Structure formats: C-alpha cells, structure tokens
Amino acid sequence: LDDQADSALAARAQLVALTEEGAALDDELRAAEDAYWESLAVRAENGIAEHPLSTKATQVAVTRVIEQARDRGSATRDAALVAEVSAGLQALADSQATEQAELDDPALATRREIEAYARSLSNGITLDFVWAPEVNGRGEGWLSGTAQTWDSDGGWAIISLNYGIEEEWGYTENPRALVAHEVGHTQVFREECWPLFSGPVFGQDDEMWATAWSISQGFDLPGSGIEAYDRPSDEQIAVAGQCRCGRAGATPGLRPPGSR
C-alpha cells in the first residue's frame with residue numbers, strides 16, 4: 001500500500017508539474033499572440049499618422065480594424081484580419097495619393113476653395129467631400145448637397161455636393177448658403193450645440209436646424225434651405241446662432257448616423 005501511495009503521489013506531482021508547465025506555455029503563447037496583434041495595431045496607427053491627407057472614412061475603417069486587433073476576446077483575430085490590416089494600409093496610401101493629386105490639380109482649385117470654406121465653418125468637425133454630377137436627385141441647373149454624419153471618432157461627416165455648387169461659386173451667395181446648411185448638420189455633435197438642437201425650439205428637426213444655422217451665418221437666402229424647407233422662425237434662427245465657435249467634440253447619446 002505504501003508503494004502504491006508513493007506511486008500515486010509521484011504521478012500526481014508529475015501531473016501538477018505538467019499542468020503548470022502547460023499553463024506557463026499557454027501564457028507564453030498568449031503573450032506572443034498579443035504582442036503580434038499589438039505590433040499590427042501599432043503599424044496601422046502609424047499608417048494613419050503617415051497619411052494625414054487620407055479621408056476620414058478611410059481612417060475610421062482602419063481604426064475599427066485596430067480595435068479588433070487589440071480585442072483579446074475577438075474571434076476575428078485570424079488571417080482574414082491580417083489581410084484587412086494590409087488592405088487598410090493600402091487604402092490609406094491610395095486615399096492620400098488621390099487627395100494629394102486633387103490638391104495639386106489647378107482645374108480643381110474651386111473645389112478646394114469650397115472645401116476649405118466648409119472646414120472654416122465646421123469648428124473642428126472633420127469633413128470628407130464627395131463631388132458628383134447629381135446629388136440627392138438634383139443635377140444640372142440645381143444646387144444640391146447632403147451631409148452624412150457620425151458621432152463616433154470625434155464626430156465627422158461626408159458632405160456630398162453636386163457640380164452646380166462649383167459652377168455657380170463666386171457668382172451668387174446661394175452656393176455658400178447651401179454649403180453652410182450642410183455644415184450646419186454636423187454642428188450638433190458639439191456639446192454646446194446638442195442641447196440647442198435637441199431642445200424644445202428644434203426638437204431635433206434636422207433640416208430646420210441646418211437652415212436656421214446657415215441663416216445665422218448671414219445667409220438669409222433660398223440656398224440656406226429656405227427654398228426647400230421654408231424659413232425657420234426668428235426664435236429658431238436666434239437659437240441656432242448660439243452654436244458658433246467653440247470646442248468640437250462628440251457628445252454621448254447622439255442619434256445613429258444618417259443622411260440629411
């Protein structure tokens with residue numbers, strides 16, 4: 001019996017040792033895995049930093065991949081995610097090249113002027129731009145735009161403008177009024193502006209807010225949104241006018257992204 005007990009104790013000790021060795025090996029493997037994914041995440045972060053002209057949309061897509069790479073509980077940390085990192089880095093480089101080429105193209109100088117004007121009104125909210133012959137069903141002979149907005153990643157938007165804005169720029173103030181209207185949609189992300197937009201005067205009425213905000217910038221014109229959505233009340237214009245220069249930032253609890 002003593003011999004059997006000694007054998008059992010020895011077997012148990014061996015099993016414990018193997019278990020501890022296995023646990024240590026598992027910890028080493030997990031640490032190595034985490035280090036690998038962290039290196040990929042840092043590489044992707046550096047890619048964003050190295051391509052400052054790339055669109056916000058491209059940067060956000062890469063940011064989501066970075067988050068997955070750092071999520072130890074994610075089931076998506078696999079070869080497909082490695083490919084996504086590689087594709088994201090290429091997308092950043094491609095976007096940077098496209099933006100740089102457009103900046104250097106004298107034929108697009110008016111577009112760059114319009115985009116710079118919009119950004120000058122945005123109070124730090126990041127804006128991407130899309131130009132198209134037709135936007136929101138309006139093409140030749142019309143001025144048209146949309147703003148697709150997100151409250152994530154510091155608050156950002158894609159503003160789409162039709163060619164009519166570019167063609168009429170500098171001839172009347174209506175194109176400026178319309179651009180101000182679209183920028184106005186983005187301002188609700190600022191913490192000093194969200195209460196104004198969500199309060200009783202507007203009740204989160206997107207278009208009336210954007211129209212009033214454009215008018216408060218000095219554009220009491222059809223292009224501010226009056227022609228499409230009617231003129232806001234004087235009270236609404238006054239309230240929207242309180243949303244001026246200030247610290248930009250995302251506000252928790254904003255609506256999901258949408259096109260306005």
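The structure displayed is predicted, hence computed values, not measured ones. No hydrogens, no waters, no symmetry mates; every other heavy atom, side chains included, goes into these values.
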So which residues get pulled into Leu108's cluster when ILVMFWY side chains under 4.5 Å apart are joined, directly or through others?
none
Asn162 side chain to Ser144 backbone, donor-acceptor under 3.5 Å
yes
Apply side chain to side chain donor-acceptor pair (under 3.5 Å) to the pair His185 and Glu207, showing each step before the final yes or no.
CA-CA 8 Å; His185 282 304; Glu207 298 301 349; 3.2 Å; yes
Hey, is the main chain of Cys243 close enough, under 3.5 Å, to the side chain of Glu192 for a donor-acceptor pair?
no
Main-chain N/O of Ala80 paired with Asp78 side-chain donor or acceptor, under 3.5 Å
yes
Quick check on Gln68: does its CD atom have over 12 non-hydrogen neighbours (other residues, nucleotides or ligands) under 6.0 Å away?
yes
Ignoring hydrogens and angles, state whether a donor on the side chain of His51 or Gln59 is under 3.5 Å from an acceptor on the partner side chain.
no
Sub-4.5 Å side-chain heavy-atom contact between Arg176 and Ser214:
no
What distance do Leu121 atom CG and Arg244 atom CZ have between them, rounded to the nearest 0.5 Å?
9.5 Å
Enumerate the ring pair (Phe, Tyr, Trp, His ring centres under 6.0 Å) contacts for residues 87-117, please, sequence neighbours excluded, ordered by first and then second residue.
Tyr117-Trp169
With a sphere of 6.0 Å drawn around CZ of Arg43, does it hold more than 12 non-hydrogen atoms of other residues, nucleotides or ligands?
no
May I ask you to list the residues sharing a hydrophobic cluster with Ile48, side-chain cutoff 4.5 Å, ordered by chain and number?
Tyr36, Trp37, Leu40, Val62, Val65, Ile66, Leu81, Val82, Val85, Leu89, Leu92
Arg231 and Asp220 ion-paired at < 4.0 Å:
yes
